[in-house]
Number of protein chains: 2
Amino acid sequence: MNLKIATEIGKCLSNQTRLQIMEWLKEPEKHFPPHETVKHFNDGVCVTYIQEKSGLSQSTISTYLSNMEKCGLLISTRHGKWSYLKRNEPLIEAYSQYLQN
Amino acid sequence: MNLKIATEIGKCLSNQTRLQIMEWLKEPEKHFPPHETVKHFNDGVCVTYIQEKSGLSQSTISTYLSNMEKCGLLISTRHGKWSYLKRNEPLIEAYSQYLQN
DNA sequence: TTCACATATCTAGAATTATAGATATATTTG
DNA sequence: CAAATATATCTATAATTCTAGATATGTGAA
């Protein structure tokens, strides 16, 4: 974990909506309805559900999620027309370690 | 650790200089000269040293440190005319826990 | 109490980020 | 292939943050 990447992660974590997304994705089944095609949350939650729950526009959420993926906080998986997002726990763990003494 | 405080912490950690300050304060003796009056780093490092090492203006660093203290990342202690800053490890630990699943 | 120095706050302009609408690009289905 | 749906990107404006200079405040020493 270097300074530059850590700064990008910090930027993603400096906004309430993005932090909430990180929270929601801790327990997708508690915060989102089941998907139609994929019958589990193994790859996380689709963009539309996250967008609807956030109340922000599609373009804004798409940008958020894209940045969160770029810095490694989220992992994106395509299933047909849908992109599923889940937390990247090892990266989050590494960032936590970096912050701590 | 709630969403609002975590967001404020994230804002403090979203800037390279501020992240570096957090790094430097992990090992003050490696990054700063000894103080004249206080002969240890138990309470951290004075504002002037941090300002000089950062290369930014006094007012900017003062603002940074003030915000970092407000959200709990740093602890400030006065010794005469000097303010000493050290990391608030328990808060950092709590934030790390909050981020993790 | 005055001076010198350390730190904090105020103010303002520059830089960056937030956000949405419009549009483009997949991808599935008929 | 055309239509429908999901997501991504582009563009522009609003909002926020960055940053420093000026000024104020706190504190020890003379």
Side-chain angles (χ1 to χ4, degrees), chain A residues 3-4 6-22 25 32-38 41 43-71 73-86, chain B residues 3-4 7-22 25 32-38 43-71 73-86:
Chain A
L3 186 66
K4 202 169 177 183
T7 305
E8 293 309 308
I9 293 172
K11 286 181 186 176
C12 283
L13 299 176
S14 70
N15 168 291
Q16 275 199 215
T17 301
R18 290 190 298 260
L19 258 186
Q20 273 186 308
I21 292 170
M22 293 301 290
L25 293 180
F32 300 98
H35 294 108
E36 288 170 27
T37 51
V38 181
F41 289 105
D43 289 323
V45 179
C46 72
V47 176
T48 304
Y49 282 4
I50 296 173
Q51 187 249 305
E52 283 170 354
K53 194 167 174 69
S54 75
L56 296 181
S57 75
Q58 184 267 321
S59 70
T60 297
I61 290 300
S62 180
T63 305
Y64 280 7
L65 296 175
S66 168
N67 290 335
M68 292 167 85
E69 194 202 346
K70 251 174 224 156
C71 75
L73 278 172
L74 298 181
I75 293 169
S76 173
T77 311
R78 265 264 180 188
H79 284 278
K81 345 185 234 185
W82 298 279
S83 277
Y84 289 72
L85 279 306
K86 69 173 173 186
Chain B
L3 187 65
K4 201 168 177 184
T7 305
E8 293 310 308
I9 294 172
K11 287 181 186 176
C12 283
L13 299 176
S14 70
N15 169 289
Q16 276 199 213
T17 301
R18 289 189 300 259
L19 257 185
Q20 274 187 309
I21 292 170
M22 292 301 290
L25 293 180
F32 300 97
H35 293 109
E36 288 172 27
T37 50
V38 181
D43 289 323
V45 179
C46 72
V47 177
T48 303
Y49 282 3
I50 297 173
Q51 187 250 307
E52 283 170 355
K53 192 166 174 73
S54 75
L56 296 181
S57 74
Q58 184 267 324
S59 70
T60 298
I61 291 300
S62 180
T63 304
Y64 281 7
L65 296 176
S66 167
N67 290 334
M68 293 167 85
E69 194 202 345
K70 250 174 225 156
C71 76
L73 279 171
L74 298 181
I75 293 168
S76 173
T77 310
R78 265 265 181 189
H79 284 276
K81 347 186 229 183
W82 299 278
S83 277
Y84 289 71
L85 279 307
K86 69 174 172 185

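Quick note on labels: first sequence line is chain A, next is B, and so on, each numbered from 1. Computed from a predicted model, the values in this text were never measured in an experiment.
As a whole-Å value, the separation of L65(A) CG from dA8(D) C1' is 11 Å. In this structure, K70(A) atom NZ and dT17(C) atom C1' are separated by 14 Å, rounded to whole Å. In this structure, the CE atom of M68(A) is 17 Å from the C1' atom of dA8(D), given to the nearest Å. In this structure, the CG atom of L19(A) is 12 Å from the P atom of dA18(C), given to the nearest Å. Rounded to whole Å, the distance from CD on E8(B) to C1' on dT16(D) is 12 Å. Rounded to a whole Å, the OH atom of Y64(B) is 9 Å from the C1' atom of dT17(D). We find that CD of E36(A) is positioned 12 Å from C1' of dA6(D), with the value rounded to whole Å. Protein atom CD of Q51(B) is 15 Å distant from nucleotide atom P of dC5(C), rounded to whole Å.
A donor-acceptor contact under 3.5 angstrom links the side chains of T60(A) and S57(A), judged on distance only.
Between H35(B) and Y84(B), the ring-plane angle classifies as perpendicular under the 30° and 60° cut-offs.
Between the CG atom of L56(B) and the CD1 atom of I61(B) there is a distance of 4.5 Å, given to the nearest 0.5 Å.
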How does protein contact run along nucleotides 20-27 of chain C, one letter per nucleotide 5' to 3', with B for base contact, S for sugar-phosphate only, - for none, heavy atoms under 4.0 Å?
BBB----S

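Along DNA chain C, the nucleotide nearest S14(A) and the nucleotide nearest C46(B) are compared for position; the residue whose nucleotide lies closer to the 5' end is C46(B).
When each of dA6(C), dA8(D), dT9(C) is scored by its nearest atom to the side-chain atoms of W82(B), the top-ranked nucleotide is dA6(C).
In terms of phosphate contacts, N67(A) brings no side-chain nitrogen or oxygen within less than 4.0 Å of OP1 or OP2 of dT17(C). Contact annotation: N15(B) side-chain N/O to dC18(D) OP1/OP2 distance is under 4.0 Å.
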Set out, in order, the CA-CA distance, both residues' side-chain angles and the distance that settles side-chain contact (heavy atoms from CB on, under 4.5 Å) for T7(B) and L13(A), then state yes or no.
CA-CA 7 Å; T7(B) 305; L13(A) 299 176; over 6 Å; no

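Inter-residue side-chain proximity for I75(B) and L85(B) is flagged as unmet; no heavy-atom pair is nearer than 4.5 Å. Residues L3(B) and Q16(A) meet the side-chain proximity criterion, which asks for heavy atoms closer than 4.5 Å. Counting heavy atoms from C-beta on, the side chains of V38(A) and W82(A) never come closer than 4.5 Å.
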